[in-house]
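Report on one structure; see the data block that follows.
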Amino acid sequence: MGEHDTPEALGVQSEWIWGNDLETIVFAQVFGHGKTLIFRFTLDSKQQPQSLTTRIVNCYHDPTVDSASATLPDRPSMRTAIWSAIAAVWAKCSEQPAIKDPDVIIDVYDTVSTDLPSRITHGGLTSLTRLGQLGGRGCTTLVHPVSNPESQFVFKGIDFRTFLNLYESGHIKEEVKIYYRSVELVSSMPPHPNIMAPANALVTICKTGDDRPVVCGTLHALLPNGNLGDHIEKNNDSGEQIPLSCKALWCYQMAAAIAHTHFVAHTYHMDVKPGNFLVDADHNLVLIDWEQSDAPISTAAPEIDDTWDVEEIPAEGLTTTLRYTKYTGPERRNMPENTPGNSGWNVWNVFPVWNDQCPKALELAEVFSLGRSMWMLLRQPDMNAFEDITRTTEVVEDWASSDDIPAHWKKVVQDCLKHSPNERISLRELVKFRDSARHEVKTNGLSS
Ligand SMILES: Nc1ncnc2c1ncn2[C@@H]1O[C@H](COP(=O)(O)OP(=O)(O)O)[C@@H](O)[C@H]1O
Ligand SMILES: [Mg+2]
């Protein structure tokens with residue numbers, strides 16, 4: 001690709017490439033000059049197999065093709081072809097008034113059309129401008145209201161790209177349901193200083209020709225210091241240790257947020273990891289991301305795959321213990337058929353089941369996730385190393401370069417991470433320990 005036919009040369013950014021389930025379309029999204037544009041490349045059986053759009057679609061979906069000329073040599077060539085094609089049509093597209101419409105899709109043929117397919121009527125954000133994608137699974141976006149370009153907010157919800165992406169797989173209804181449920185959950189939860197407050201505003205869309213607004217997202221205040229996972233990475237990149245007093249405070253705040261979730265709100269989080277704790281302006285942690293639909297492989301407790309059942313049974317004195325039994329019945333599913341992900345909990349999710357039948361088991365599962373998250377904070381390992389793991393048991397919690405971490409803190413992390421849930425420290429004990437540890441750092445000056 002020559003330097004003039006890249007999106008970057010036009011001052012726009014290539015953001016996403018995705019395909020449809022029928023394997024006949026490839027979409028690509030670019031962002032720049034205050035606009036987010038989605039381009040569509042369609043396999044057209046009437047076209048010559050060598051047409052560029054057909055080769056792009058074939059390369060993306062990788063069906064068996066008769067000749068090498070019906071596809072492209074590899075993914076990098078495909079990306080180059082997509083971005084070059086977009087760069088080539090960009091100038092012409094930008095002149096079209098229709099480009100400003102929020103629900104526009106630009107079909108890229110040999111010529112360009114901006115005609116909207118009639119079946120797509122969902123719009124994007126009519127009075128918000130996207131400023132860029134934030135981390136996570138992709139629907140969390142930095143935006144500013146058109147009327148006030150100076151202010152910035154975080155949009156979370158179902159954007160147009162997500163809608164297009166999930167519409168065809170049939171998962172869009174489920175995704176909307178999950179999202180609405182999370183908004184309701186946060187709105188009805190008693191407040192806690194380490195849990196993100198409910199959204200400031202709802203974002204709505206109207207279908208063309210219909211003035212009834214539909215909620216498609218929420219707007220949140222932008223917290224300036226990012227998430228804890230990124231914070232750890234940033235410190236690692238610059239070779240710095242996060243101060244021990246900060247680690248002490250944040251370990252306490254993580255545990256306090258989860259204790260509130262279980263003991264006051266009587267629910268669970270399911271996605272406890274450093275990336276879901278934001279660092280606010282006063283350097284306190286706040287827990288976000290309440291979809292309760294997927295768990296992070298890097299911090300998930302081993303027993304939450306789909307193979308265990310559990311019950312709480314009386315033990316010595318007034319105590320109880322948990323009895324786990326391997327499930328041997330026919331295949332079972334409580335998650336929708338087309339749920340993304342390959343983990344056991346994407347098929348049989350124990351969280352809602354145990355929340356009703358055995359909340360103690362969920363408490364201990366989240367103690368494990370807290371232990372992993374605390375280890376990540378205290379040890380500051382390379383956070384990128386967790387992106388490719390396929391099982392939680394692949395993570396090895398070593399304590400290299402952690403001489404400044406007190407031995408009793410390390411022991412309590414190990415107590416959270418016991419393979420057998422019955423041997424783990426309870427959530428109440430964990431909060432108590434972390435509460436006294438943060439005071440200990442303050443009064444004894446353990447701070448590094
Ligand atoms: N209010 C906010 N302020 C600043 N950054 C945020 C805010 N909300 C989310 N983010 C960033 O976006 C990322 C993804 O948001 P999250 O709600 O966790 O969505 P996902 O379901 O995609 O993981 C977070 O890890 C954080 O970096
Ligand atoms: Mg998240």
Side-chain angles (χ1 to χ4, degrees), residues 15-16 18 29 128 130-145 151-159 161-163 165-166 171-172 174-187 189 191 193-203 216-235 250 254 257-258 261 268-300 339-341 343 345-346 351 366 369-370 372-373 376-377 383-384 386-387:
E15 285 195 320
W16 298 92
W18 72 99
Q29 178 173 300
L128 293 171
R130 282 181 80 238
L131 294 170
Q133 207 72 44
L134 292 166
R137 287 173 311 144
C139 325
T140 312
T141 316
L142 190 60
V143 297
H144 72 71
S151 63
Q152 294 190 341
F153 292 93
V154 172
F155 167 85
K156 177 145 187 177
I158 312 292
D159 62 8
R161 182 186 64 85
T162 308
F163 171 76
N165 204 2
L166 297 176
H171 196 63
I172 187 66
E174 192 57 34
E175 194 70 15
V176 170
K177 219 190 290 169
I178 289 169
Y179 178 64
Y180 280 10
R181 222 169 33 213
S182 76
V183 174
E184 273 172 27
L185 177 69
V186 176
S187 309
M189 198 182 283
N194 303 114
I195 294 179
M196 180 71 115
N200 301 35
L202 297 176
V203 179
C216 67
T218 38
L219 279 192
H220 303 260
L222 171 71
L223 301 195
N225 293 315
N227 72 53
L228 182 58
D230 290 345
H231 188 81
I232 296 171
E233 242 176 276
K234 229 184 290 162
N235 277 267
W250 288 348
M254 283 196 259
I258 298 300
T261 305
Y268 53 90
H269 187 272
M270 192 173 171
D271 200 1
V272 177
K273 62 177 184 185
N276 282 335
F277 285 97
L278 299 185
V279 182
D280 76 8
D282 300 320
H283 283 81
N284 291 308
L285 292 188
V286 286
L287 180 58
I288 57 164
D289 207 358
W290 290 90
E291 268 93 66
Q292 297 183 320
S293 63
D294 202 2
I297 297 173
S298 58
T299 57
T339 300
S343 300
W345 55 81
N346 302 131
F351 280 81
E366 302 226 270
S369 304
L370 276 172
R372 269 281 165 76
S373 305
M376 290 172 180
L377 169 59
M383 299 297 281
N384 296 317
F386 305 119
E387 271 167 25

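If you're wondering where the values come from, they're calculated on a predicted model, not measured in any experiment. Just the heavy atoms: all of them, side chains too, but no hydrogens, waters or symmetry mates, feed the values below. Whatever order the structure lists ligands and atoms in, that order sets their numbers, starting from 1.
For Asp271, every N, O or S atom stays at 2.8 Å or more from the Mg ion (ligand 2). Contact annotation: Asn276 places an N, O or S atom under 2.8 Å from the Mg ion (ligand 2).
Between Phe351 and Tyr268, the ring planes are tilted. Angles from 30° to 60° get that label.
Applying the salt bridge (charged side-chain N to carboxylate O under 4.0 Å, His left out) test to Glu15 and every residue at least two apart in sequence or in another chain returns Arg130.
When the Mg ion (ligand 2) is compared with the N/O/S atoms of Asp289, atom OD2 turns out nearest.
The distance from ligand 1 to the heavy atoms of Asn276 drops below 4.0 Å at these ligand atoms: 18 (O). Annotation for ligand 1: atoms under 4.0 Å from non-hydrogen atoms of Met196 are 1 (N). Contact atoms of ligand 1 toward Glu291: 21 (O) (distance under 4.0 Å to a heavy atom of the residue).
Counting heavy atoms from C-beta outward, Glu233 and Asn384 have side chains that approach closer than 4.5 Å. With contacts defined as side-chain heavy-atom distances shorter than 4.5 Å, the pair Val154/Leu134 qualifies. A heavy-atom distance below 4.5 Å is not found between the side chains of Thr140 and Phe155. Here the side chains of Val203 and Thr218 are not in contact, with every heavy-atom distance at 4.5 Å or above. In this structure the side chain of Lys156 never reaches within 4.5 angstrom of the side chain of Thr141, judged on heavy atoms. Counting heavy atoms from C-beta outward, Cys139 and Ile158 have side chains that stay 4.5 Å or more apart.
Here's the thing with Asp230: none of its N/O atoms is less than 3.5 angstrom from an N/O atom of ligand 1. Between Thr140 and ligand 1, at least one N/O pair is under 3.5 Å apart.
In this comparison of Leu223, Leu222, Leu134, Leu287, the heavy atom closest to atom 10 (N) of ligand 1 sits on Leu134.
Residue contacts with ligand 1 include Gly275, since one or more of its heavy atoms lies under 4.0 Å from the ligand.
At a 4.0 Å heavy-atom cut-off, ligand 1 touches Ala221 through the backbone alone.
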